[in-house]
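Have a look at the structure below before the remarks.
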Number of protein chains: 6
Amino acid sequence: MNNNVLSTKFLGCDSDFSSAEIVIFGAPYDGTTTFRPGTRFAPSAMRIDSIGIETYSPYFDADITDFTVNDFGDLDLPFGSPKKALSMISETAEYIFSNNKKPLMIGGEHLVSLPAIQQAVKKYPGLKIIHFDAHTDLRQDYLGEALSHSSVIRRVWDILGDNSIWQFGIRSGTREEFYWSREGHTSMCLHNFDTLGTAVEEIGGSPVYLTIDLDVLDPSNFPGTGTPEAGGVSFAQLIAALKTVSKLNIIGADIVELSPHYDHSGASTALACKVLREVLLAMSI
Amino acid sequence: MNNNVLSTKFLGCDSDFSSAEIVIFGAPYDGTTTFRPGTRFAPSAMRIDSIGIETYSPYFDADITDFTVNDFGDLDLPFGSPKKALSMISETAEYIFSNNKKPLMIGGEHLVSLPAIQQAVKKYPGLKIIHFDAHTDLRQDYLGEALSHSSVIRRVWDILGDNSIWQFGIRSGTREEFYWSREGHTSMCLHNFDTLGTAVEEIGGSPVYLTIDLDVLDPSNFPGTGTPEAGGVSFAQLIAALKTVSKLNIIGADIVELSPHYDHSGASTALACKVLREVLLAMSI
Amino acid sequence: MNNNVLSTKFLGCDSDFSSAEIVIFGAPYDGTTTFRPGTRFAPSAMRIDSIGIETYSPYFDADITDFTVNDFGDLDLPFGSPKKALSMISETAEYIFSNNKKPLMIGGEHLVSLPAIQQAVKKYPGLKIIHFDAHTDLRQDYLGEALSHSSVIRRVWDILGDNSIWQFGIRSGTREEFYWSREGHTSMCLHNFDTLGTAVEEIGGSPVYLTIDLDVLDPSNFPGTGTPEAGGVSFAQLIAALKTVSKLNIIGADIVELSPHYDHSGASTALACKVLREVLLAMSI
Amino acid sequence: MNNNVLSTKFLGCDSDFSSAEIVIFGAPYDGTTTFRPGTRFAPSAMRIDSIGIETYSPYFDADITDFTVNDFGDLDLPFGSPKKALSMISETAEYIFSNNKKPLMIGGEHLVSLPAIQQAVKKYPGLKIIHFDAHTDLRQDYLGEALSHSSVIRRVWDILGDNSIWQFGIRSGTREEFYWSREGHTSMCLHNFDTLGTAVEEIGGSPVYLTIDLDVLDPSNFPGTGTPEAGGVSFAQLIAALKTVSKLNIIGADIVELSPHYDHSGASTALACKVLREVLLAMSI
Amino acid sequence: MNNNVLSTKFLGCDSDFSSAEIVIFGAPYDGTTTFRPGTRFAPSAMRIDSIGIETYSPYFDADITDFTVNDFGDLDLPFGSPKKALSMISETAEYIFSNNKKPLMIGGEHLVSLPAIQQAVKKYPGLKIIHFDAHTDLRQDYLGEALSHSSVIRRVWDILGDNSIWQFGIRSGTREEFYWSREGHTSMCLHNFDTLGTAVEEIGGSPVYLTIDLDVLDPSNFPGTGTPEAGGVSFAQLIAALKTVSKLNIIGADIVELSPHYDHSGASTALACKVLREVLLAMSI
Amino acid sequence: MNNNVLSTKFLGCDSDFSSAEIVIFGAPYDGTTTFRPGTRFAPSAMRIDSIGIETYSPYFDADITDFTVNDFGDLDLPFGSPKKALSMISETAEYIFSNNKKPLMIGGEHLVSLPAIQQAVKKYPGLKIIHFDAHTDLRQDYLGEALSHSSVIRRVWDILGDNSIWQFGIRSGTREEFYWSREGHTSMCLHNFDTLGTAVEEIGGSPVYLTIDLDVLDPSNFPGTGTPEAGGVSFAQLIAALKTVSKLNIIGADIVELSPHYDHSGASTALACKVLREVLLAMSI
């Protein structure tokens with residue numbers, strides 16, 4: 001009697017956890033967001049609107065129904081306590097990695113990437129990071145707080161050190177962050193994805209975690225985010241970049257910073273669903 | 001590992017179908033809506049926002065966690081074919097009644113009530129209808145179509161005849177509809193719920209189907225609907241009416257015509273979730 | 001071949017000018033609005049949305065199709081020059097009065113009432129004004145400008161003098177305005193419509209111009225206005241007031257200050273259309 | 001006395017039907033839309049906002065006041081019955097073609113193109129179709145319904161067969177649709193308008209019907225549509241394409257899928273009005 | 001040269017700190033909000049929109065220009081660390097009390113009241129609390145966090161104990177919270193302000209801190225809040241309540257939980273500005 | 001005690017007037033806007049949202065904290081009287097120029113540029129104008145009014161004559177305006193900024209006033225404006241143009257036509273703040 005009921009899964013992905021190669025889960029946390037919060041609503045909005053997205057990608061000429069994907073659900077995270085929230089995300093990521101599956105996390109703010117990357121590097125020493133973003137995210141701290149959406153990649157660097165992080169699409173930050181990167185701590189590309197091909201060659205077969213802050217996109221493509229930064233990449237450029245990174249050994253990924261309430265047209269949420277589909281395929285092919 | 005995952009059920013209602021007394025399901029159909037469509041989005045919006053509603057009602061001094069309620073999901077209904085859509089709703093209602101459970105349907109436009117009532121009367125001969133609405137819904141047809149949101153109660157009358165339908169909160173319709181009712185075909189109360197107490201006495205122990213078009217509420221309380229009609233009842237008046245009808249033998253109910261995209265504040269969806277809670281309690285107590 | 005084409009008239013009113021008793025026209029001007037402009041969009045928004053309103057009023061038990069009403073269209077008024085705009089409205093009002101018809105004007109900001117009242121008093125010496133509003137509108141001037149939405153009733157007083165103006169629903173203004181009124185220049189009712197019955201008795205058979213600033217309504221009923229003032233009347237109270245004033249000899253009327261872009265739900269525009277219907281009936285019965 | 005009244009015509013086009021070469025009409029139907037409805041509001045929104053558009057096109061260096069265009073109005077179509085709605089559109093298209101005029105239809109959803117094309121091919125055997133869209137629209141049926149916005153071009157193919165349909169801007173559909181096209185049934189261009197020049201050469205002097213689903217545009221340019229698909233063409237690319245197709249013998253055209261309520265900025269409606277102007281010129285020059 | 005520049009102060013209040021009797025300041029913190037954040041935007045939105053509010057209150061027949069009020073500005077509070085944020089608010093409140101002035105704080109979420117009340121009770125032993133709210137706010141903790149918007153009054157009770165807290169307008173909470181209050185820990189009025197007169201008598205001349213969660217208002221009056229709860233008080237009822245409490249010895253107050261982005265009409269922000277004016281007068285008269 | 005209070009200055013610019021090289025001020029006037037008003041809200045919206053913008057520009061590799069900039073505040077301008085409003089702007093511009101500082105004005109509609117340019121040419125004979133805009137703004141008058149947003153550059157030409165005005169990004173106007181320009185009265189570039197390099201060479205060391213109507217940007221980048229014109233430049237193109245004009249001797253500038261209420265995402269306001277930063281740097285370097 002249940003066969004005419006609409007799915008509440010991302011893109012209809014309904015594989016069991018045990019049989020799945022990739023596990024999607026939501027981390028609806030935005031507790032350290034300084035300007036406009038609201039990324040906590042991204043996972044639930046994407047679940048609903050993913051019903052309007054085809055499962056077939058003409059870009060990859062592939063269909064996500066060809067792969068086994070589990071939708072784990074969205075974590076119930078406590079606001080007011082970043083540490084507790086990060087600890088719960090950490091447990092979930094560890095559980096997925098320990099079952100030899102690849103996590104694909106939906107934020108939330110960018111800070112949620114930290115515990116996932118911490119677990120990734122435990123599982124995959126020698127991990128490399130591909131980071132798409134408008135912002136440097138390299139602050140030492142924000143108003144004294146070391147755990148902040150604007151310092152998340154700096155915290156990742158604390159773990160991985162130099163020669164591990166490639167940043168693309170960056171166009172906003174303090175002078176100190178840009179200059180610190182230039183000292184050789186990260187590879188930062190200010191002109192969209194111009195050096196991505198080179199990065200892929202350098203990384204070769206190393207395990208890679210891909211973290212996509214969707215505000216890497218131009219606000220014309222993606223107004224539904226807390227801190228829209230004019231001058232970003234187009235969707236077409238992002239798709240091309242995903243095709244490039246699909247050659248890498250991606251062992252985990254995340255998509256963060258959709259804030260659906262700030263785009264009443266729904267176009268930002270629809271785009272995020274499509275990026276989710278393409279990242280899934282980039283990880284699977 | 002799943003215990004920290006957020007529920008995707010209405011108000012967290014997660015009883016099995018087999019053990020449940022009440023079964024909630026969504027009928028996201030708005031294919032005959034003439035003015036502003038969008039009620040198709042009501043069930044999914046209510047699922048998400050019901051997370052912000054307490055399970056305890058100070059009005060009934062009761063908690064929905066004290067009762068067994070199943071969330072059946074939302075039907076996948078075809079637009080462009082009212083007949084097929086109604087047929088699918090009909091099957092679902094029949095399935096619920098045949099298992100001796102009470103359906104609580106979330107619309108969609110008001111036409112979705114028709115198949116549920118058709119099944120209710122099959123199960124419960126002598127059925128009476130309590131109808132809360134801004135609109136008469138008594139048109140013989142609309143632009144030649146007999147199946148229309150604005151003729152749904154007339155279609156119910158075709159089945160049940162005179163002395164079966166009590167209408168409350170009515171304030172909009174054609175002159176013909178108002179005069180046809182006055183001929184004795186329905187009991188229509190133009191002043192909010194003034195005669196509800198009398199109706200409850202008249203109905204006594206007969207089985208009752210309660211159909212609530214949420215536009216019975218004043219648009220100040222409930223702007224998120226396709227045809228807002230100024231001059232409606234307040235939420236407090238609706239709660240009082242629900243406490244009155246809770247004395248009846250309600251064997252099924254529905255809540256229709258929330259169109260969530262037309263109220264960006266979310267207040268209409270939050271209110272609809274609260275009405276859902278109160279109707280659940282009115283049916284259970 | 002044209003019979004299936006939707007009307008672009010207010011409420012479908014399509015009588016010829018020559019045969020009409022009442023002439024509706026739009027005065028989409030908001031050039032002196034100090035806070036949030038946008039009332040210029042009211043006439044066109046009401047034309048479109050009036051399609052969703054029934055022609056039958058259960059309040060008056062009457063139907064506007066029983067009367068002859070012409071929709072004259074919306075004036076093309078120049079922004080940046082209040083004098084020229086008022087002059088064009090004046091000509092239109094004069095034309096309607098000179099043909100022994102009653103104008104029913106849709107604003108625009110409240111200043112548009114001034115030229116209509118100027119023409120009304122020319123035609124009907126001894127004219128009385130019924131004024132529904134949240135604001136006193138009795139400023140001597142605003143930032144030095146004598147022609148302003150916030151001084152319009154003071155300008156009317158300049159013409160008519162004491163014992164001519166009855167104000168209802170007032171709840172915002174400067175201390176000077178309230179005290180000036182108390183000196184006996186206008187009859188100002190601070191408690192909704194409490195003294196309306198008395199006013200109707202005092203006015204008796206004198207010709208009356210009815211000017212309704214829709215912000216007399218509580219913002220809960222009518223958020224779509226430039227300066228929402230909490231604490232206003234309900235739609236039900238406004239309807240009761242209209243039934244009371246329908247006993248008067250209303251020779252002209254206007255409805256002003258709908259700013260449709262500020263209410264995305266459309267409820268404010270729908271309400272304004274309904275008030276238009278009720279005022280039409282109050283003038284006709 | 002009427003000379004200062006604002007036009008309610010598209011772009012002020014006020015030629016008589018009899019003298020007009022092109023006839024614009026609205027087909028506000030969205031009854032089979034599966035995701036987000038609302039295209040029914042496009043014609044009325046465009047009428048109002050076209051007041052903000054210049055009549056002169058710097059792209060064509062031409063002015064629409066140089067041509068005779070009639071605005072026929074918007075059809076009053078029944079929701080809940082696609083067949084009846086399509087039949088009424090069919091009659092209107094037939095009436096325009098039979099008077100040797102060119103129809104320019106404003107949707108509504110894409111299904112409204114079907115009856116217009118059916119009449120076009122009756123009048124012009126050997127008709128060719130130029131189709132701009134994000135979606136393939138080649139489904140055999142949708143949830144069992146043969147008449148659906150997502151199967152409209154397949155229905156056109158049922159009439160015209162192979163070698164008759166050129167599709168541009170396509171980037172979303174099922175795998176089956178893409179592969180069916182590749183079998184040679186339609187000419188589908190996945191890279192914007194790359195092959196449009198070739199198509200124009202192939203078509204030569206044959207009669208052409210141009211159907212533009214505005215979601216061919218990137219959602220950054222055009223968020224006001226039901227199913228925004230990232231990765232589309234820019235307005236500048238669309239204008240260039242229109243200049244290219246202006247060399248063809250266009251005997252009818254339509255612009256569909258604007259859903260104005262989903263873009264509160266009004267930019268989508270303004271763009272649609274501009275496309276209307278450019279299509280008018282492309283048909284006239 | 002500066003005299004034509006618009007004020008950026010609340011209601012134009014520009015007294016020096018040293019000469020002011022009342023000091024307004026903003027506490028834009030919403031870091032523990034569980035459902036929909038955004039109250040951090042309230043102070044800045046109210047500063048701008050207070051330009052549209054008259055300084056004269058017809059309710060109190062008094063003008064705020066008759067009193068000396070300082071606008072201290074908005075605190076720069078760190079998200080992600082409730083403790084640090086509360087500590088900064090605490091310092092500011094202490095500074096104001098130590099200068100023998102009365103603070104009037106604009107939230108932010110309700111948790112910001114805690115440090116202000118902590119400082120108030122230090123200065124004024126025997127302090128009583130008047131609490132207007134839709135929610136009980138009496139949770140022992142929320143997901144393990146003792147510092148939460150939903151436990152703030154329980155934290156106040158930890159300090160003050162029984163017979164110190166009067167709650168009005170309450171209509172949402174867990175069963176446990178309602179029953180805990182009934183044990184005598186707080187005086188909770190479920191029917192609007194019915195027992196407020198009695199409370200004022202009981203309190204007599206004791207020092208009182210007034211904390212107003214604006215969601216005590218019905219969402220029809222005040223949709224711009226994170227958790228709208230149908231069934232609240234009207235603005236008129238709130239004004240009457242403020243006139244009643246103006247008889248008390250109010251030594252500090254706050255207005256919290258305006259979330260301006262959730263009400264595009266601006267009516268909620270305008271109402272909050274008016275409540276600010278009335279609270280100022282209630283504290284001054 | 002004041003050090004933790006948020007700045008209410010544009011981008012935190014808090015230099016004294018006397019020591020500042022550049023003076024920012026707001027001219028919130030939109031009284032002659034013909035289509036959709038609302039630019040009056042731009043300065044206050046930009047003040048608030050500029051808090052989310054970094055002070056460092058990666059485009060110029062410079063930081064605005066390296067320069068002395070005064071925020072003068074927003075003028076209190078009378079609606080309904082363009083002459084008086086322009087006179088007040090004129091006084092302010094004169095005051096800034098007479099103190100040998102550079103004004104950077106935030107509109108408001110484009111007409112506000114006229115008095116600023118009038119003062120600029122008094123101070124700097126031989127002044128040249130760089131004009132970025134979607135619209136020609138060369139009308140002789142609008143509905144008889146010589147002072148209008150759509151005739152502002154024509155009024156500037158009245159002062160400066162031929163060979164003084166370079167226009168870029170133009171894509172909308174009447175045929176007459178385009179043809180009048182082609183007669184040699186202005187240099188008009190229809191293809192974005194293609195001839196900007198040439199213009200900069202021609203102008204050389206002459207004093208330049210830069211007037212930026214933000215609708216020069218494509219509506220995809222900047223929907224928050226009254227008359228969005230598809231087909232504009234991208235933010236990246238605008239930045240490149242600003243780097244080019246930074247070689248000129250810019251003695252004053254303005255940024256006009258942001259209408260923040262028409263873009264709920266906030267992306268338009270954020271972009272305008274970023275353009276403000278870049279123009280500041282282009283004037284300073």
Side-chain angles (χ1 to χ4, degrees), chain A residues 33-38 134-139 142-144 149-150 167 169-182 188-192 215 217-235 237 258-269, chain F residues 3-4 6 12 45 48-66 214 216-224 228 230-243 258 260-278 281:
Chain A
T33 300
T34 36
F35 189 39
R36 303 191 307 176
H135 303 92
T136 47
D137 286 2
L138 294 173
R139 272 182 170 82
Y142 191 82
L143 295 181
H149 65 102
S150 60
Q167 302 184 283
I170 310 302
R171 57 196 183 273
S172 183
T174 64
R175 182 147 54 184
E176 291 65 34
E177 290 175 279
F178 281 96
Y179 286 22
W180 183 83
S181 166
R182 283 192 214 165
M188 186 187 288
C189 178
L190 304 186
H191 296 94
N192 307 330
D215 66 20
L217 287 156
D218 193 75
S220 59
N221 287 261
F222 193 73
T225 193
T227 312
E229 296 283 355
V233 306
S234 70
F235 177 76
Q237 290 174 309
L258 166 66
S259 190
H261 291 201
Y262 282 104
D263 180 4
H264 293 137
S265 77
S268 299
T269 303
Chain F
N3 46 345
N4 289 317
L6 288 161
I48 289 183
D49 285 4
S50 70
I51 208 172
I53 304 293
E54 301 286 351
T55 54
Y56 172 73
S57 162
Y59 305 109
F60 279 100
D61 190 11
D63 200 301
I64 57 169
T65 57
D66 299 338
L214 287 164
V216 70
L217 287 156
D218 194 75
S220 59
N221 286 261
F222 193 73
V233 306
S234 70
F235 177 76
Q237 289 174 309
L238 180 57
I239 292 296
L242 289 175
K243 293 201 72 169
L258 166 66
H261 292 199
Y262 282 104
D263 180 3
H264 293 137
S265 77
S268 298
T269 302
L271 182 147
C273 290
K274 231 168 171 176
V275 172
L276 182 67
R277 181 185 75 193
E278 301 298 311
L281 294 174

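Just so it is clear: chains get the letters A, B, ... in the order the sequence lines come, proteins before strands, and each one is counted from 1. Note that the coordinates shown come from a computational prediction; the quantities given were computed from them, not determined experimentally.
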Report task. Identify which part of Tyr56(F) has an atom lying under 4.5 Å from any heavy atom of chain A, answering side chain, backbone, both or neither. Result -> both
Query - Test salt bridge (Lys or Arg N to Asp or Glu O under 4.0 Å) applied to Glu278(F) - qualifying residues, sequence neighbours left out - result: none
**Report entry** Minimum-distance pair of heavy atoms, taken over all atoms of Ser172(A) and Glu54(F)
**Finding:** OG-CG, 3.4 Å
Query raised in the report: Is the side chain of Arg36(A) donor-acceptor paired with the backbone N or O of Ser265(F) at a distance under 3.5 Å, no angle test?
Result: yes
Query - Tyr262(F): partners by ring-ring contact (aromatic ring centres under 6.0 Å, His included), with sequence neighbours left out - result: His261(C)
Query raised in the report: What part of Asp263(F) is in contact with chain A, defined as an atom under 4.5 angstrom from a non-hydrogen atom: side chain, backbone, both or neither?
Result: neither
Report summary line: Okay, Tyr59(F) and chain A: the region with an atom under 4.5 Å from a heavy atom over there is side chain
**Report entry** Check ion pair Glu229(A)-Lys274(F) (N to O, under 4.0 angstrom)
**Finding:** yes
Requested in this report: Using non-hydrogen atoms and a 4.5 Å limit, figure out which bit of Leu238(F) sits close to chain A: side chain, backbone, both or neither.
Outcome: neither
Query raised in the report: Rounded to the nearest 0.5 Å, what separation is found between the CG atom of Asp61(F) and the OH atom of Tyr179(A)?
Result: 3.5 Å
Report summary line: Rounded to the nearest 0.5 angstrom, the CZ-OG1 distance for Arg175(A) and Thr65(F) is 5.5 Å
Requested in this report: Identify the two heavy atoms, one from Ala230(A) and one from Leu271(F), that lie closest to each other, and give their separation to 0.1 Å.
Outcome: CB-CD1, 3.7 Å
